[in-house]
Amino acid sequence: MSSRRSRVSEEEINELISKLQSLLPEARRRGGGRASAAKLLKETCNYIRSLNREVDDLSGRLSALMATMDHNSAEAEIIRSLLRQ
Amino acid sequence: MAISDAEGESPAAAKEVGGERKRKRLAERSLLAKWKTEGERKSYSSKLIEALRVVRRSSCPAPRAVRVAADRALAVTARGRSRWSRAILSRRTLKLRSRARVARLKPPAAAAGPRAAERRKPPALEQKARVLGRLVPGCRKLPLATLLEEATDYIAALEMQVRAMSAVAEILSAAAGGGRSSSVAAEPM
């Protein structure tokens, strides 16, 4: 990472931050008054952690479901519903 | 769940390295939207196939293995456009979240001269940026702007992963026999 005066201006960072803000669920609810960058970063980290947790839970749920199902019927069921969409 | 598509390009900044950066930004925005549409279906199907293969291989499927398969499929769907996806794909084994990593704290009282431009960022911001860098795969040592780009893409992808996996879980639990079905209200997409 070069330490010369970076071409990425404060402006660009602010833009990226507001883009990030529009993705965070809380910001959407609040109606988007600009929060501080540090607060946003913190919320981002928390959001990513909670998403990860959700995926882990779902993984657990899926593995349990698949363990109890006959493999072929599981696959068949999924393919059937894919075709239905 | 609509991503606000506010056009925030500053014409002044565009004069610089200019056209290319602006084009890249516009492209990024449409890439984010992709996680909600076609990309979603593709990841859906490839992830299913992956997860089923995992089940077949072992008689006792671990949730960890399902997670790994789901992540891989997610990364494949990203088609190498982002750092985090490339990082996931180059994980050779099950990534163990090792807590034994020693936190590398740089003493803040380092040279203030040549680093003046970066010192403008308060240490609180830097620290949070570092945490964020650890959360997004393969993004530990990135400059803040790039890190933020990766993070936004990663978040959109994760959201899609959650939606797709929930849908699969619904299908399977419905098929497994009514008693196990949970009533999760489907989100309007």
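Chain naming here is simple, since letters A, B, ... match the order of the sequence lines and numbering starts at 1 in each. This one's a predicted model, so the numbers in the text were calculated from it and none came from an experiment.
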Between B/V131, B/I155, B/V136, who has the most heavy-atom pairs with chain A when the cutoff is under 4.5 Å? B/I155
Below 4.0 angstrom, N of the basic side chain to O of the carboxylate: do B/D71 and B/R67 qualify? yes
Under a 3.5 Å distance rule, please check whether B/T146 uses its side chain to pair with a backbone N or O of B/L142 as donor and acceptor. no
Give me the atom names and distance for the closest heavy-atom approach of B/A129 to A/L41. N-CD1, 3.8 Å
Please report the shortest heavy-atom distance between B/W84 and B/A75, naming the atom on each side. CZ3-CA, 4.3 Å
Against chain A, label B/A70 side chain, backbone, both or neither, depending on which of its atoms sit under 4.5 Å from a heavy atom there. neither
Between A/I48, A/L51, A/T44, A/V55, which shows the greatest number of heavy-atom pairs under 4.5 Å with chain B? A/V55
